> 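First, the structure itself, so that you have it in front of you.
Along the sequence shown, the residues carry numbers beginning at 1. Source: prediction; values computed, not measured.
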Amino acid sequence: MARSRSTLAVLMLAVAAAIAISSFGLSFVSTPANTAASSYKLEKALATSGFIAATNALATAPAFAASFDDEPEEEEGFDFRIIATLALPGFAVFWAGFNVWRVLFRQTGRQMESAQGSAKPGLRAED
């Protein structure tokens, strides 16, 4: 069966396109009067919102909060969080290096035992 297009769907699409074009206007460039009015409104809105943000920041920011700290700083000694943070990555680097160098030395040893320079003849049954 061949598919046929619905004339109703095409007609509805054409009506929707006509409504969209008429509601947005036919030109892509707005008139200078509209542009000036909209840019003035935008500038006024930005200035007002900036003023409101500055006022709120000034009202809610603690002034000189560090100067009100009356407790003296105490020396607590060495901070062990550094070791706790670096222990796992340090062990991972050590373990990766151990595995890489172990395999490298085993492979080199096998190649040295072999007469042809291949690693296969140096293997034992359990390797």
> Would you be so kind as to tabulate the donor-acceptor pairs closer than 3.5 Å made by side chains of residues 43-50, with sequence neighbours excluded?
from, atom 1, to, atom 2, distance (Å)
T48, OG1, K44, O, 2.7
S49, OG, A45, O, 3.1
S49, OG, L46, O, 2.9

> With I82, which residues qualify under side chain to side chain contact (heavy atoms under 4.5 Å, CB included), at least two apart?
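Expected list: L86.
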> For residues 78-98, pull every pair meeting salt bridge (Lys or Arg N to Asp or Glu O under 4.0 Å), keeping only residues two or more places apart or in separate chains.
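Residue pairs passing salt bridge (Lys or Arg N to Asp or Glu O under 4.0 Å), neighbours aside: D79-R81.
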> Kindly compute the distance separating CH2 (W101) from OG1 (T108), expressed to the nearest 0.5 Å.
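Here the interatomic distance stands at 9.0 Å.
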> Determine whether more than 12 heavy atoms belonging to other residues, nucleotides or ligands lie under 6.0 Å from atom CZ of F78.
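Result for CZ/F78: enclosed.
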